[in-house]
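Down below is the structure, laid out as structure tokens.
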Number of protein chains: 2
Amino acid sequence: MIAFTEQAITGADKTFFQLRSDIVEGEVKAGSKLSEMELSTKYGVSRAVVREAINRLENCHLVERKPNIGARVVALTLEGLIQLYQVRESLEGMAARLAAKNMTDAEIEDLKLLLNSHFQEVKGNQTYYQEAGDVDFHYRIIVGSKNDHLISMLVNGLYHLIRMYRVQLGMAGPRVSTAFEEHKNIVQAISNRDEELAEMLMRRHILYSKQNIEARLR
Amino acid sequence: MIAFTEQAITGADKTFFQLRSDIVEGEVKAGSKLSEMELSTKYGVSRAVVREAINRLENCHLVERKPNIGARVVALTLEGLIQLYQVRESLEGMAARLAAKNMTDAEIEDLKLLLNSHFQEVKGNQTYYQEAGDVDFHYRIIVGSKNDHLISMLVNGLYHLIRMYRVQLGMAGPRVSTAFEEHKNIVQAISNRDEELAEMLMRRHILYSKQNIEARLR
DNA sequence: AGCGAATGGATTGTCGACAATATAGTTATT
DNA sequence: AATAACTATATTGTCGACAATCCATTCGCT
């Protein structure tokens with residue numbers, strides 16, 4: 001094997017990924033109970049690996065487990081979504097600040113290229129790729145922070161939860177044209193190594209998203 | 001039983017708490033390997049519950065696990081500590097902002113009382129209680145944010161890690177007199193319901209701590 | 001009938017054994 | 001002597017069975 005980061009994949013990993021996907025995409029309904037035996041037969045593995053998968057999901061805040069009672073998929077509430085965006089504003093703001101400090105010039109150039117391709121899609125109204133592009137944009141900045149805790153919390157934790165809300169509440173992707181302008185300004189600030197401005201713009205960007213969602217859902 | 005939030009305690013819980021304590025307090029050394037069988041005999045439980053405990057510790061970022069190889073206690077590095085404080089600055093800043101918005105008047109009064117008792121200890125140079133007081137102060141503001149994600153991330157996650165660094169690197173508690181002044185100003189901002197200022201002061205407070213640590217450790 | 005205790009069924013928590021994988025030590029080959 | 005393949009051992013991953021707990025229903029008492 002010539003794979004670079006050679007990481008063994010265990011059965012519990014696969015079950016975890018599968019189950020997480022099923023929950024996020026709504027194939028397992030929000031608020032529903034997770035029966036260990038049921039999942040065990042469904043995925044063709046032992047209860048032990050199902051339990052491990054559920055444990056990991058609990059730490060992503062995708063399920064809630066009570067001793068001797070069982071695990072339920074989290075319920076989706078407007079209040080929960082708002083709280084999620086508050087945390088996101090805080091963490092991604094810091095990510096943008098650190099990205100302005102820590103990204104290499106090459107990485108920033110790549111980011112600009114991504115923005116350009118995103119721009120083409122906006123012009124062509126390719127709404128399908130828009131959400132993926134938005135996720136990718138935020139993802140690069142998060143990774144660009146070079147802060148492992150930050151990356152882990154956002155990528156392994158919050159983002160799947162947010163996606164779950166997006167999919168199941170049928171939320172539209174980012175507000176199309178305005179969001180693109182905001183992205184552009186954030187990249188500019190990062191390119192200028194202006195940490196303060198990068199953080200502020202990212203926070204506003206996410207705050208606007210939150211307000212947009214609140215307005216639509218209430 | 002008249003207990004209010006009656007929560008069953010499972011064996012895995014106890015093992016998790018015990019092991020976490022042992023790691024944080026340094027009885028299990030940083031960077032050392034965690035043998036499942038060894039811990040199993042040590043705590044008198046089966047490997048299954050040890051595995052569950054280790055899984056939870058992994059999600060607290062207290063241990064790192066690699067498939068088919070095993071789990072190691074995280075290594076303590078200056079870089080890691082700095083990254084931790086960056087996240088803490090971000091999250092606790094937001095917590096202070098939300099606390100200024102969401103704490104009840106009664107809770108704010110309690111916070112002032114805590115600050116007063118803390119002040120007495122500072123005068124008497126009771127350094128032992130100082131750290132506990134500091135932790136308690138930050139804890140109340142975090143809980144006062146009323147944001148479950150924020151609370152969980154900080155209380156169940158980061159704080160044990162930070163305490164691990166404190167204990168094992170022999171870091172002194174907060175800078176005594178100046179820290180108290182900063183606490184006072186934060187409470188004042190919260191009491192005035194000044195979200196903006198509360199966040200800014202909390203962020204500075206943590207930033208100063210970070211700089212203080214950096215100066216001492218390098 | 002109404003309320004509390006007891007019982008039965010189902011689910012989760014825990015355990016010990018087996019399978020799969022990694023690590024260290026040994027042997028064989030160049 | 002150095003390297004590669006192999007073997008042996010130890011550790012982790014997975015499994016099925018048993019124990020403890022919860023939940024719903026039934027039974028008994030007032």
Side-chain angles (χ1 to χ4, degrees), chain A residues 1-20 22-23 28-29 31-75, chain B residues 1-20 22-23 28-75 156:
Chain A
M1 294 207 212
I2 326 214
F4 217 74
T5 57
E6 197 169 343
Q7 264 290 40
I9 298 288
T10 161
D13 287 326
K14 281 187 280 193
T15 306
F16 167 63
F17 293 137
Q18 182 68 51
L19 189 49
R20 183 177 67 183
D22 287 352
I23 289 174
V28 176
K29 285 179 206 147
S32 65
K33 187 168 190 321
L34 293 178
S35 162
E36 293 181 0
M37 225 167 10
E38 194 178 324
L39 295 173
S40 171
T41 60
K42 177 175 177 181
Y43 295 120
V45 292
S46 78
R47 265 186 60 218
V49 330
V50 171
R51 279 176 68 81
E52 178 164 339
I54 291 178
N55 274 328
R56 289 202 228 168
L57 290 169
E58 187 183 18
N59 302 312
C60 303
H61 296 264
L62 283 168
V63 313
E64 286 169 356
R65 160 172 271 172
K66 288 181 183 177
N68 294 315
I69 293 181
R72 306 192 80 88
V73 180
V74 293
Chain B
M1 292 206 215
I2 327 218
F4 217 73
T5 57
E6 196 170 342
Q7 264 289 39
I9 298 288
T10 162
D13 288 325
K14 282 187 281 194
T15 307
F16 167 63
F17 293 138
Q18 182 69 51
L19 189 49
R20 183 176 68 182
D22 288 352
I23 290 174
V28 175
K29 284 178 208 147
S32 66
K33 185 166 191 317
L34 293 180
S35 163
E36 294 181 0
M37 225 167 10
E38 194 178 325
L39 295 173
S40 171
T41 60
K42 178 175 177 181
Y43 294 120
V45 292
S46 79
R47 265 186 60 218
V49 330
V50 171
R51 279 177 68 83
E52 180 164 339
I54 291 179
N55 274 327
R56 290 203 227 167
L57 289 169
E58 188 183 18
N59 302 312
C60 303
H61 298 263
L62 282 168
V63 314
E64 286 168 356
R65 161 172 268 172
K66 289 181 183 176
N68 293 316
I69 293 180
R72 305 193 80 88
V73 180
V74 294
N156 299 325

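In what follows, chains carry the letters A, B, and so on, assigned in the order in which the sequence lines appear, proteins first and then strands, with residues in each chain numbered from 1.
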| field | Watson-Crick and G-U pairing of DNA chain D written in dot-bracket, each distance under 3.5 angstrom, with | for inter-strand partners | value | ||||||||||||||||||||||||||||||
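Whole-Å rounding puts the B/L34 CG to D/dT11 C1' distance at 13 Å. Rounded to a whole Å, the CG atom of B/D13 is 13 Å from the C1' atom of C/dT14. What separates NZ of A/K66 from P of C/dT11 is a distance of 18 Å, to the nearest Å. Across the protein-nucleic acid pair, A/L39 atom CG and C/dT11 atom C1' stand 13 Å apart, rounded to whole Å. When the P atom of D/dA17 is taken as reference, atom CD of A/E36 falls 16 Å away, rounded to whole Å. Atom CD1 of B/I9 and atom P of C/dT12 are 19 Å apart (whole Å).
Salt-bridge annotation for A/R65 and A/E36: present, with a side-chain N of the basic residue lying under 4.0 Å from a carboxylate O of the acidic one. A salt bridge links A/D13 with A/R56: the distance from a Lys NZ or Arg NE/NH1/NH2 to an Asp or Glu carboxylate oxygen falls below 4.0 Å.
Heavy atoms from other residues, nucleotides or ligands lying under 6.0 Å from NZ of A/K29 number 12 at most.
For the OP1/OP2 pair of C/dA10 and a distance below 4.0 Å, the side-chain nitrogens and oxygens of A/K33 include no atom meeting the criterion. Contact annotation: B/T10 side-chain N/O to C/dT12 OP1/OP2 distance is not under 4.0 Å.
Separation of atoms CG (B/L57) and CG (B/L19) is listed at 5.0 Å; rounding is to 0.5 Å. Separation of atoms CZ (B/R20) and CD1 (B/I54) is listed at 15.0 Å; rounding is to 0.5 Å.
Applying a 4.0 Å cut-off to non-hydrogen atoms, the residues of residues 45-58 of chain A that approach DNA chain C are A/R47, A/R51, listed by residue number.
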Polar pairs (N or O, both sides) under 3.5 Å between protein and nucleotides 19-24 of chain D?
unit_1	atom_1	unit_2	atom_2	d
D/dT21	O3'	A/N68	ND2	3.4

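Contact of the A/N55 side chain with the B/E52 side chain is registered, since non-hydrogen atoms from C-beta on lie closer than 4.5 Å.
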| said: Apply side chain to side chain contact (heavy atoms under 4.5 Å, CB included) to residues A/I9 and A/K14 and explain how you reach the verdict. | reply: CA-CA 7 Å; A/I9 298 288; A/K14 281 187 280 193; 3.9 Å; yes
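Between the side chain of B/T15 and the backbone N or O of B/V50, no donor-acceptor pair lies under 3.5 Å. Side chain of B/R72 to main chain of B/G31: a donor-acceptor pair is present (N/O by atom type, distance under 3.5 Å, no hydrogens or angles).
Contact detail for B/P67 and A/A8: the closest heavy-atom pair is CG-O, 3.5 Å. Considering every non-hydrogen atom in both A/A53 and A/A12, the closest pair reads CB-O, 4.4 Å.
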